[in-house]
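What follows is a single structure, written as structure tokens, with notes after it.
Please read these numbers as outputs of a predicted model, since none were measured by experiment. Reminder, nothing fancy here: chain letters follow the sequence lines and each chain counts from 1.
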There are 2 protein chains.
Amino acid sequence: MGEQIGTAVAGRLYYVPRTEFERVRALPADPVARTAVFADMCRLNALYMIARAGSGHIGSSFSSLDIVSWLVLEELRFPEPAGSGDGDLYFSSKGHDAPGYYSALIGAGRLDFELLHRLRRLDGLPGHPDVGTPGIVTNTGSLGMGISKAKGMVRASRLRGRRGRVFVMTGDGELQEGQFWESLLSAANDGLHEITAIVDHNTLQSDTFVAQVSDLGDLAGKLRAFGWYVDRCDGHDPAAFSAALARANAVVDRPKILIADTVKGRGVSFMEHTAMESDATLYRFHSGAPDSAAYTGAAQELIERVRRGLAALGAPAPVLEAVDRPASTAAAPQAQRLIPAYSQALLAAAAEEPRLVALDADLVLDTGLIPFRQAHPKRFIECGIAEQDMVSQAGGLALQGLLPVVHSFACFLTARANEQIYNNATERTRIIYVGSLAGVVPGGPGHSHQAVRDIAALGAVPGLDMLEPCNETEVAAAVAYAVHHAAGSCYLRLTSIPVETRFELPASYRLEPGRGTVLRQGRAAVVIGYGPVLLTEAMLAAERLSSERGREVTVVNLPWLNRVDLKWLRHLIADVRVVCTLDNHYVVGGQGDRVCTALAEAGISTRVLKLGVTDIPPCGTNAEVLRACGLDAASLAARIAAALG
Amino acid sequence: MGEQIGTAVAGRLYYVPRTEFERVRALPADPVARTAVFADMCRLNALYMIARAGSGHIGSSFSSLDIVSWLVLEELRFPEPAGSGDGDLYFSSKGHDAPGYYSALIGAGRLDFELLHRLRRLDGLPGHPDVGTPGIVTNTGSLGMGISKAKGMVRASRLRGRRGRVFVMTGDGELQEGQFWESLLSAANDGLHEITAIVDHNTLQSDTFVAQVSDLGDLAGKLRAFGWYVDRCDGHDPAAFSAALARANAVVDRPKILIADTVKGRGVSFMEHTAMESDATLYRFHSGAPDSAAYTGAAQELIERVRRGLAALGAPAPVLEAVDRPASTAAAPQAQRLIPAYSQALLAAAAEEPRLVALDADLVLDTGLIPFRQAHPKRFIECGIAEQDMVSQAGGLALQGLLPVVHSFACFLTARANEQIYNNATERTRIIYVGSLAGVVPGGPGHSHQAVRDIAALGAVPGLDMLEPCNETEVAAAVAYAVHHAAGSCYLRLTSIPVETRFELPASYRLEPGRGTVLRQGRAAVVIGYGPVLLTEAMLAAERLSSERGREVTVVNLPWLNRVDLKWLRHLIADVRVVCTLDNHYVVGGQGDRVCTALAEAGISTRVLKLGVTDIPPCGTNAEVLRACGLDAASLAARIAAALG
């Protein structure tokens, strides 16, 4: 049962229940004042969702929530599912403000309330939007696509004779993506006035201030020069925002864009970016989850804001519900942490190789580049959210004799800059690409961030060695190989989550091209895989097969994703009936293909069980996602046992 | 021996020899007047190169040649190969104006004169620039990368303490690419004043006027809003251009861009775009080669321009050399032409499927869309050179219930828009992607245009059927499948060159998922391939193996690039010792991988000989390139014979 909360208590998570939203929506109040309270109620619920999920984007959800609340409550004419098809569409191009939008949809009664408890859970609400969720009209999370998508929607409506507008929320950091500017031209030329874009202009991007990463300069001037109607307003004042919308709605010859000035983390004093020093290194509440103290302090502030807002409307204090905060899922101290290991390995390599320069695309924390930036500020190039530009800049650096090391998440680096990587390859220069957040887990961010296609996407780039290290030791070896020994370019694929691995590399370990390391011996089958996550699942599966079925299987770490030493492979599988390949990637285009191809070219007769991702991976906890993909230890054991017969 | 030419004669090709360039360079004339003559001499030689090669970009070479000539003769300080590394760099971001730049380098004595005769030939001058050619500093041909590359070069120079500037030529159509705008931001923020970009503002792009394709609007305003120094000048007046350069050289706090107003095809009356109606459908001299009459008329005009220019300098008329025009390499009437067949198949499909809409990225002629545009102007969406925007627009169209068919060259569509295609796939909508110019031939444009990586790049996109039809009949079947029968999205890969195929599909032909068609029967080996080019080479190889060695091989057309019906495959290869897969693509990630994987998963023991492209393919005639890749009939026969032992 709900209750009025005076003081938020540590260890408890609070949310506004459905009935309270119904009460507020029914208040005979001024829409502006009502929206402000509604937005704070949604903030409390978004915070709840993120704290419960253990991950999510607070800053961006909070900066956009006053705008989103106004749109959902007062502006949007939602299409009737069985109707004419007329109606407005809204989506966020940046996508990571999803908890805010979900909470607004839930608060408005447009999404099942129980989903509030299932952010980033299997069959719940994905970390980034997916059209499988009611009210979500397009998949986002890959930045810069929003206006293009909206243009397609508007053209479809025109062709089908439907009426309606498309509202697109964008970030401001997101505007560094070339596709955003690419998309503006024809929207203006074709007078797609049905589009209203809203820039959540909170002046911060993933790492820190936009102005420090890649300043947008005279943003309004740029947008006007592209032929769009441009207006500007306070994104936290629903009255100002609605007035700006009304002005924009009157424009019928051009697409429109509103620069809404906002504060990242708005609503919680210590989460507001304005509480941050202007030369601070990192904004702390972009992603991830607040710790217990930060959660409780933030909840307390939001509860008080809601109370004050309701009191101003003459309404009683909110009745909240609460649950226990889930136990922390922090990894054990002994877990393997590949990103910090990478940071150290890169530093070591840079000390020996003065030509090495590092490039980043606004993920300096996530890709482990802070130590390098501190040690070698002149050799560090921050490119902003501009992966294509970054990769082609690396090409120019390499042509002039430097050794660029290019960083982003694997999903973005290998796909957004796919043609640029190939262009560089045709110049036969040496460049090292480092893609972190590789593989199907973490499962929380969803498919835009699950890099399970990168090996295939780069598979046919000639002269590119691709490696994924399995632990901290192998990270060091892989970096040393890429920097000091590789003949050509390299792609290093890094798991970002800490993993309590269930294997060790032998003391005699050496990284040898095309060869792997036996982690466990058995004669029934050979399982070949890579990376800490699936090798650990494979080791656990092998233990199950041994203890439950008496079958002993060999487990092999093969860090080379596109290189197989045939002599080594032939020896490895000499006496087994089944070879199992294990890709933390789609089964198509991964290491398993390279193993199959090597076997076929050598004419070796062995049945291969290819395991990996076979469909768009779901969003969920890491355990949920691995299980859903059939890649957890129990599933692997069962699948291998079935193959053994 | 050279001679003064009064009237250009049909059937002869004329060029200015080395000694004449030496004479003009040594003239004690005003640099402006000398450059103008030099540029026209280079135009004549560029025209010669293109006519001799049978393909090349006249319009863009001619529009840029006055600028390029001034840069090469008067402005650039070329780096000394063995020197400090100081010096200026120049390159063209659009790249297809290469014949003009080559002719200027040759005319300036900076490139071996004999290469004039080897445009688009193996070990000659590639159709688009490659760093293997002296004087070429980066590989271009994929649009929009130029400023990014220049930024990397400037940063490298700064880090290495070198001095020098980087001049980048861009097209104007090219500015539709998002990467161009993406690259502007940090160049301005970091004050990379060493960069001077020059827009060859000829107002036309591949198909027609930029303003008709995707208008750039207030270009100077846009560029200024991005923080660049902007100036404008007549790109055909070396005096005006040099004055603009002098003003730009004085700016040392910002990168600079000069909008040089030019005329596409400048120098030959009927090739100048100003001779074209403003509502004309297509500019005729963008690419390809002039026919004999157009060549001779153009040569005559250029010879007269050079004569007049020299006379004005008080110098004698030019002495030219001439060769016979090579015999036409036009394909026979009975050749299979897949692009026209595609045009008809699309029209037929559109008549039955009203939801079908077609999207183009400024390749309406090359992708076969003109008939569709004429028949269904409202269902045709011209996106300009903006592949990412096009693909995401298709996503929006599909989400709203239409069936988008998306067109570009395979090399650009699958790589530039790689992430956008995956984003669409995660929405599980139906979209058809059509990539033309697929495969290693035509070999003339070079590696930026040789799509030999597209199957791999899209290999791990779930739910995507990939097909390459082998002839006109199969084009119709593939389009019908994609539009009417496929459960999900499709990628159609189309060979653009006419091919005199050496096989026919049987009267009983049907397109069945995962299954192929036997074109020729034999018991020694099974060759599995796709597409008209390599299947024809395979048939010719089979004839050789039969007649020269008495070995009979089966040749199979398998149009499914990522789908193999195992039952069919098992039956097909039941009695053979060697299976040969034949990819018009890198051996990694192509159809051969899918065949090997199917065999390995089924535990079928057969030796597989995987043939395909193994390194960055060279530029050359189609025959030269196939031979260099070991994919012509003679090479295939020898390789298969060796595998048979």
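In this structure, chain B has no heavy atom under 4.5 Å from any part of A:A643. B:R577 does not touch chain A: none of its heavy atoms, backbone or side chain, sits under 4.5 Å away. Using a 4.5 Å cut-off between heavy atoms, B:N562 does not touch chain A at all. No part of A:L609 comes within reach of chain B, as not one of its non-hydrogen atoms sits under 4.5 angstrom from that chain. Residue contact with chain B, scored on non-hydrogen atoms closer than 4.5 Å, involves the backbone of A:T606 exclusively.
With chain A as the partner, the residue from B:R453, B:R224, B:M390, B:K610 showing the most heavy-atom pairs under 4.5 Å is B:R453. Among the candidates B:A457, B:A211, B:A602, the residue making the largest number of heavy-atom pairs closer than 4.5 Å to chain A is B:A457. The residue among B:E427, B:R158, B:R355, B:K151 with the most heavy atom pairs within less than 4.5 Å of chain A is B:E427. Contact tally against chain A (heavy-atom pairs below 4.5 Å) for B:R607, B:Q420, B:R162: the top residue is B:Q420. When each of B:L175, B:V131, B:N189, B:I604 is checked for heavy-atom pairs under 4.5 Å with chain A, B:N189 comes out on top. Interface summary for chain B: among A:D218, A:L599, A:V588, the most heavy-atom pairs under 4.5 angstrom belong to A:V588. Between chain A and the residues B:V357, B:I381, B:D130, B:L223, the most heavy-atom pairs under 4.5 angstrom are made by B:I381.
A salt bridge does not link B:D389 with A:K149: none of the charged nitrogens is closer than 4.0 Å to a carboxylate oxygen.
Between the CG atom of B:D583 and the CG atom of B:D593 there is a distance of 7.5 Å, given to the nearest 0.5 Å.
Listed by first and then second residue, the salt bridge (charged side-chain N to carboxylate O under 4.0 Å, His left out) pairs that reach into residues 394-403 of chain B come to none, sequence neighbours excluded.
Test A:E177, A:Q388, A:E387 against A:R416 for side chain to side chain donor-acceptor pair (under 3.5 Å) and you get one pass: A:E177.
Scored by the side-chain hydrogen bond (donor to acceptor under 3.5 Å, both in side chains) test, B:T426 finds A:N139 as partners (sequence neighbours excluded).
Defined by atom type and a distance below 3.5 Å, a donor-acceptor pair is present between the side-chain atoms of B:E419 and A:S142.
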